[in-house]
**Q** 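For reference, the structure I am asking about is given below.
Worth saying up front: this structure is predicted, and the values here are computed from it rather than measured. Each chain gets a letter, A, B and so on, in the order the sequences are listed, and its residues count up from 1.
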Amino acid sequence: DAKTTQPPSMDCAEGRAANLPCNHSTISGNEYVYWYRQIHSQGPQYIIHGLKNNETNEMASLIITEDRKSSTLILPHATLRDTAVYYCIVRVAGNQFYFGTGTSLTVIP
Amino acid sequence: ETGVTQTPRHLVMGMTNKKSLKCEQHLGHNAMYWYKQSAKKPLELMFVYSLEERVENNSVPSRFSPECPNSSHLFLHLHTLQPEDSALYLCASSQDRIGPANYGYTFGSGTRLTVV
């Protein structure tokens, strides 16, 4: 599976949009982009995934560039409960999920 | 509650003890996984079971022994552990297919293991 690169940490003001970037320049055509988050000492939680179209659900939006070499997870109105480590994972169907170090997002009051 | 239940939540054991971690999923999934997360390290995939058969074992020491008696239950049997095995052990499950309806893995809340 392709490798991903994320900034180690980010801050966001409460109520503002949090935009978390992910680079996956070696992604292949059959690899999906997944986002998970892990709140301290809990299991990771699925957020969203996509192949090439932008996706939106009740938690977040996923914007994938046209060349699919990068993506951005958007939390439209960050709350204190969104403070967590966010993982961007690229995965071929049938392969396992391998987690990197992710981005530690801190939402500031 | 995510639909994946892990017990116990916390466990302290001596290096000569034998204990087991339990994971149960109520989601109708057909694949289950054990991950280890040590302090300030990424999650490490330990074992993968698909349709109750072990399909992956990522060079895990033999003091960790998994068991999957059916598609809803997964155990991790522990014996003669070392202090460096202290970590958060996470179980996950999934439906083994891909596509728009595949939401990836559902994780439990984990067992915090301390080896003394």
**Q** Give the cluster check for M15(B) versus L21(B): same hydrophobic cluster or not, with ILVMFWY residues linked at side-chain heavy-atom distances below 4.5 Å.
**A** yes

**Q** Decide whether L51(A) and Y34(A) are clustered together by the hydrophobic rule: side chain heavy atoms of Ile, Leu, Val, Met, Phe, Trp, Tyr closer than 4.5 Å, transitively.
**A** yes

**Q** Just to be sure I understand the criterion: a residue of residues 33-44 of chain B counts if one of its heavy atoms is under 4.5 Å from a heavy atom of chain A. Which ones qualify?
**A**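 Answer by number: Y33(B), Y35(B), Q37(B), P42(B), L43(B).
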
**Q** When you group the ILVMFWY residues by side-chain heavy-atom contacts below 4.5 Å and let the links chain together, are I89(A) and I74(A) in the same group?
**A** no

**Q** Atom OH of Y98(A) and atom CG of L45(B): how far apart are they, to the nearest 0.5 Å?
**A**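 Reported to 0.5 Å precision, the distance equals 5.0 Å.
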
**Q** Measure centre to centre between the rings of F107(B) and F99(A), then say whether the value is under 6.0 Å.
**A**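 Under 6.0 Å, so yes.
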
**Q** Any chance CZ of R16(A) has more than 12 other-residue heavy atoms, nucleotides or ligands included, within less than 6.0 Å?
**A**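 Open: at most 12 neighbouring heavy atoms sit under 6.0 Å from CZ of R16(A).
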
**Q** Does L80(A) share a hydrophobic cluster with L75(A), counting links as ILVMFWY side-chain heavy atoms below 4.5 Å and allowing steps through other members?
**A** yes

**Q** Side chain, backbone, both or neither: which part of E55(A) has an atom under 4.5 Å from a heavy atom of chain B?
**A**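 For E55(A), neither part sits under 4.5 Å from chain B.
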
**Q** Side-chain heavy atoms under 4.5 angstrom apart, residues restricted to Ile, Leu, Val, Met, Phe, Trp, Tyr: same cluster for L76(B) and V48(B)?
**A** no

**Q** Who in residues 83-91 of chain B is close to chain A, using a strict under-4.5 Å heavy-atom cut-off?
**A** L88(B), L90(B)

